[in-house]
Structures are given as structure tokens and as C-alpha cells.
Amino acid sequence: MDINLTSVTAAAAGINTRGQEQYRILIDSITDYAIFLLNAEGYIITWNTGAKQIKGYDADEIIGKHFSTFYTQKDIDDNYPLKELKEAVARGKYEDEGWRVKKDGSVFWANVVITPIFNEQKELIAFSKITRDLSERKKAEDDLYRAFEELKESEERFRLLIEGVTDYAIFMLDPAGNVATWNNGAHRMNGYEADEIIGKYFARFYSQELIAEGFPAYELQQAKEHGRFEDNGWRYRKDGSAFWANTVITAIYNAQKELIGFSKITRDLTDKLKMEQQLFRMNEELRESEEKSRLLIDSVKDYAILMLNPEGIVMSWNEGAERIKGYKPKEIIGRHFSTFYNREAIAKGFPQYELRKAQEVGRFEDEGWRIRKDGTAFWANVVITPIYNSNKRLLGYSKVTRDLTERRRNEELMHKNSELIKINNELDNFVYAASHDLKAPITNLEGLLQALREDLGENLSQHEVLLEYMGSAIGTLKNVIADLSDVTKLKHEQESPEDVQIQDMLKDIEISLKPYIEHTGAVVQCTTMEFTTLRYSRKNLRSILFNLVSNAIKYADPDRKPIVHISTAITPEGVYELAVQDNGLGLAPSQIGKIFSLFKRAHDHVEGSGIGLYLVKRILDNTGDNISVESEEGVGSRFLVSFRQPKH
């Protein structure tokens, strides 16, 4: 069956015979589209200039061949070309985008529209096939919408505007810019019937501002100078509504190079503009969200937060990672994360084991020693989580590390403290038992010593010195047991605090120490007193002051009169400090840390039990207060007691 391209397409377009020649010229002048006919079996029977430019074949090379020539081998094996024709017949039109093959074997991304053509008896006589090379558009879309594949699928594809495709307005203008032809797509898009618009100047599709600026005439001038002109902008329908249009105007010349008119293809891109604006907003929101996330991660300094690639190479590094591990980003990015592990863990393949377990379970958490840049070790809590894309492909791992060295030390200290508490409890029990169980034997010794004195009679004078030594030893033992009793009472007695006048208490203590003071000529004086009243257990405060003042006098330097200074001060933090300073023997540096221990004495030649300062320390520990000492041998010592006082 002989089929004439002009007559078939013109008939399908609703164009009368007088316009067929113009329509043929119009189609042949279009270089951005391949427009040709297939017979009912899919063999090529016409070929336009755009088809040659896009696919590379001359007409005599391709006419008569099956249109599957343009398809990949896979599509041919899948019988895809035949399916397209069947779909076109079944649906009245078939549109697709996909890879097509040029004459030179290269592929391009094509938009294809196949429309069946029927005669008056409704018999299929041919197919029209319009192809446009969208490779550049696809590349741009892939670059722009890679992260939005689901949106890209919904984007309305550019379709070629030919007869049977109502998404494009395709018509001709005469050299003066008047509408010469009008197709169904133009009617649908612009709203005008053919008899309403043919012969009218095409500027009526433009806004008054653009008309006043002479923009329609400028478009025609640019098309004449450059062969074609493409523009996006607002255009107006018959009813006055606006739509965002893509317009391509191509100058058409005859064989004598004389301008005979223009082809004008318009597409309504309003939805595409809205989508682009929406995508732009979404992209901006995503960019802002990503920036906020980056700033948030970078601001975290207590955690090392980093990204590993699937092989365990460090890809990102936050400030917390730099602070904890010591590496600058440029020093660690690109290196394997096993850098943070000791040699033994690396030899055992532990870093790789962590990644495997993270994949198997969905996350991996561990605590262990890790290594900083300077070689020091820290106790780390590590959480590794695999990261996948929407296709379940592993992109890498997030790794969050926290330095728990202090917590581990605290746990170790707590363990040691519990052991010490146990030992102290056992010691307290021993001291308590000893202090009570020894009282009766001491009393018996005193009675026996007195009986011995009476039995000696006239011989008493011969043994007086020995008996005095024995009496003194028993007295010392009684004092030690009494002090031990005071220590055990600390644990069992809880006295309510009260407001105690410090200077009044010191006067009472001076009376108790009067024999010592008169014997040594000691001077006890209050100097700077920022506070004179302290809220504390009266009994315990007296015990603290008594022991500190008595020690200051007992450990006096024999070459100078002992002077004891008492002072009080309040720190900026609100801590109440009481200082007892003397000019006595002083302490060696090695003794300072020992003097608060039980039975520890710095000077053995001075009488004492070694319990007084231990008792002071226990009293203060029980109330959460503390004592410290500064001392220099031959100069003296300064004991500083810090009290926490309730806020008024």
C-alpha cells in the first residue's frame, strides 16, 4: 500500500489539502525532532531532516528497514519494538523514554511517541513516530535529581508536538509572524479554534508588557539570525489565564534560501515549573537540614562522631573526635580506623570483627582500651552502626566513641573504697572490742600495783622509781584506750549541730590545757576572725580544736616559746575556713601524708598516742568537711579546716 506522509499526517492533523504543502515543509524543517512514518508492520517509509540529524542515517540508508534498528539488542531480544506498536494500537498512542542506537553505534536517551493512523474504514494503515534526543536533558536531570528519583519519575516528560500528540502546540507563522496553521495541541493549549487564530499576529499569546517591549518581534529576529530561538516564559490563553511555556521558533527557508515562515512549538511547563520550585525549596530545606546536622555533630565535644566507608576508612571527623583522640582531620581522614586500637587487638583482627558484627546484628557496642595520637590509652565506649541506602546497599558505618576513662577510674576507686570500708569496719570492731575488753585488765593492774605498794612496806622506797614507771605506763595505756573509745563513738553517735561560739570554746580549751600552757609558756591567740560562730556539733568541734591546739603546744620547738594563732575566713565560694598555725617543730614532707593515720606520730620523743589527728580526720570525713596541712621543718605548721555551712 503506498502511503503519502503529507496526506496521512495532514489528514490526522485536520489540515485541508491546501495546507498540506505547508505542513510538509513544516515537518521537514524541524531539526530537533525525528518525525517519520512506519507501515503497519513497523518498516520505515518516510524520513525527515530531524531524523537524519538525530539518528545519523540518510533517507536512502534507512527507508525500508524495520524501526527496531534503533533499539538495543536487549530490547530486540525482549521483542520491545513490537510491544510498542501493540500498545500504540491498544491505547491510541504510545510514549516512552529509553536508550536508542544511532547509526555509529552510540546510544542516546530518546523520548518516543508512536501514534497509530487509521483510514476512513478504521483500518490501521501506518504509525507516526516522533523521537527527540533528550540525552542532555537526562544528564542534567540525573545530576539535579539523583537524590530525588521518586520525584523524577513523576516529572512530566517533554513530548514532541506532532499531530496526534495534544501536549504540544505546533503551528506555522508566515514571515510577518501571523499564524498560518493550527493543530489540535495548539487548540487545547491556547484555547483558540483554528478560524479564530489563523491570520492573526502571534503576539496575542504574550503579555502587554512583552508586546510593548517588542519581544515577539525580537523572537522572530533572533530565529532569523541564528536559525532558531528558544525561550521560557509566561504566555496567555484565550480566556486570559497564564501558563509557563517552553517555546521553540525555527526559521524555515525554501530551496532558494528565502524565508517562507517559522515553525513554532510550544509546551505547557506550568506543572514542571511548580515542581522545580518545589524541588528547589525541598533542596534548600535539605541543604539547611544537612548544614544543621553537620553543625550539630561538629558542636558535640564529648563524643567522637565519625563516618567510615564500607572498608573501615575514616571519611569524616568532628571536633569531639579531635578532642578525644588527638588527630586533626587532615591527619586521620583516609586512614583505617584500626589506628585507634592497640597492637594486640589489631593482630586478633578485632576492628574487622566489629564491622562484621555491626552488619550481622544491625549495630555493635563495646567498651575497651583505645589509643590516642600521643600513644596514651583511654577507656572507650564504642557504638558502630551500618548505614544503607534505599536499595539496601552498604554505604558505610557511623562510629560514636565516648571517653569513659574517668568513669572506669571512679568504678575502680569505688571498688577500692568498698574494700577500705570493709577494712575500716573490721578495724572499728576490733578497736571497739579492744577498748572495752582492756578496761577490766587495766583496772586489775592498777589494783595489783596498789597492793604491791602496800606489801612492800618499808622496802617501798627501794622500788619507788620502778613503781612510778609502771604507774605511768598504765596511765598511758588508759589514755590510749580512752582515745580509742572516742574513735568508736564517732561511728555510733550522731549529735545535732548548734551555733557554737569559737572564742568561748577556745577559752574552755585553754583552761583544760592550763598545765601544758604554764609549763611551756605557750600563747594561744585569735587573730583575723571573719566569723566567730560555727554551726556544728559542739562536742566534735571541741574535739577538733582541742587536738589541734594541744598538738601545737606539745610539738613546740624547745628553743622558742610556742605561739598558736587561731584565725577564720570565708572563701568566695562560701566555704568557712578555720586555721590553727604554730611555730613548732614542723613536719618533713614525707610525714605530711601520714599524720592523719591511726597511731602515726611525726615525733616519737613527744608524748602522745597517735590518735588525735586521726580522730579529727574521722570527725570531718563523717560531716563531709576536710582538713589539710602546710608545714616546714624548723618553722612550724598550719592546719586548715574547711567547713560546709548551711545557706541562710
Side-chain angles (χ1 to χ4, degrees), residues 71-80 83-84 87 94-101 106-112 133-158 271-272 274-298 304-318 321 333-338 349 351-366 382-401:
Y71 290 73
T72 64
Q73 187 60 47
K74 183 179 184 302
D75 286 344
I76 294 172
D77 293 341
D78 293 340
N79 206 18
Y80 197 67
K83 293 178 182 177
E84 289 186 326
E87 285 290 319
Y94 179 79
E95 182 173 359
D96 184 39
E97 289 191 7
W99 294 109
R100 297 295 182 267
V101 183
S106 61
V107 295
F108 67 100
W109 188 260
N111 173 272
V112 177
D133 184 354
L134 298 182
S135 300
E136 290 299 322
R137 192 204 74 180
K138 179 170 176 59
K139 181 178 182 301
E141 287 178 346
D142 288 346
D143 292 342
L144 181 60
Y145 304 130
R146 186 173 293 109
F148 307 99
E149 293 178 359
E150 68 282 2
L151 292 177
K152 184 178 69 177
E153 292 175 359
S154 67
E155 182 191 5
E156 186 174 299
R157 303 186 185 281
F158 290 101
D271 290 340
K272 180 175 180 291
K274 291 178 180 178
M275 186 194 70
E276 288 175 346
Q277 291 173 339
Q278 183 180 2
L279 283 175
F280 177 78
R281 289 193 298 270
M282 291 176 64
N283 186 57
E284 285 296 300
E285 292 172 358
L286 178 60
R287 185 184 61 80
E288 291 177 4
S289 176
E290 289 175 347
E291 180 67 10
K292 290 176 182 177
S293 296
R294 184 188 65 79
L295 292 174
L296 174 63
I297 290 174
D298 283 345
I305 304 175
L306 52 138
M307 179 81 177
L308 308 177
N309 74 3
E311 288 72 42
I313 303 299
V314 178
M315 304 301 292
S316 68
W317 195 251
N318 77 324
I333 290 177
R335 294 174 63 180
H336 197 270
F337 82 110
S338 60
Q352 290 76 10
Y353 168 79
E354 288 185 320
L355 299 185
R356 287 197 304 273
K357 294 301 289 184
Q359 275 191 269
E360 291 173 7
V361 184
R363 71 191 296 271
F364 179 83
E365 185 170 1
D366 178 49
V382 178
V383 177
I384 297 177
T385 306
I387 299 173
Y388 300 91
N389 65 9
S390 57
N391 297 321
K392 305 300 182 182
R393 183 172 67 86
L394 179 67
L395 300 178
Y397 304 86
S398 67
K399 185 171 185 289
V400 181
T401 302

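The figures here come from the full heavy-atom set of this structure, side chains too, leaving out hydrogens, waters and symmetry mates. Along the sequence shown, residues carry numbers from 1.
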By side-chain contact (heavy atoms from CB on, under 4.5 Å), Val400 pairs with (sequence neighbours left out) Tyr303, Ile305

TODO: Using the side chain to side chain contact (heavy atoms under 4.5 Å, CB included) rule, take Met315 and Tyr397 through it: C-alpha gap first, then chi angles, then the decisive distance, then the call.
DONE: CA-CA 10 Å; Met315 304 301 292; Tyr397 304 86; over 6 Å; no

**Message:** Please evaluate residues Leu306 and Asn318 with respect to the criterion side chain to side chain contact (heavy atoms under 4.5 Å, CB included), reporting the C-alpha separation (whole Å), side-chain torsions for both, the decisive distance (0.1 Å), and the verdict.
**Reply:** CA-CA 7 Å; Leu306 52 138; Asn318 77 324; 5.7 Å; no

Roughly how far apart are [X] [atom1] and [Y] [atom2], rounded to 0.5 Å?
X	Y	atom1	atom2	answer
Arg363	Ser398	CZ	OG	9.5 Å
Trp317	Met307	CH2	CE	14.5 Å
Trp99	Asp75	CH2	CG	12.0 Å
Thr385	Gln359	OG1	CD	12.0 Å
Glu136	Phe108	CD	CZ	13.0 Å

Whether the side chain of [X] engages the backbone of [Y] through a donor-acceptor N/O pair (distance < 3.5 Å, no angle test) should be reported.
X	Y	answer
Asn309	Glu311	yes
Thr401	Val382	no
Lys399	Val314	no
Asn389	Asn391	yes

Applying side chain to side chain donor-acceptor pair (under 3.5 Å) to Tyr353 and not counting sequence neighbours gives none

Looking at Lys357 and Glu360, is any side-chain nitrogen of the basic one under 4.0 Å from a carboxylate oxygen of the acidic one? yes

Per side chain to side chain donor-acceptor pair (under 3.5 Å), Asn111 is matched among Glu95, Arg100, Lys138 by Glu95

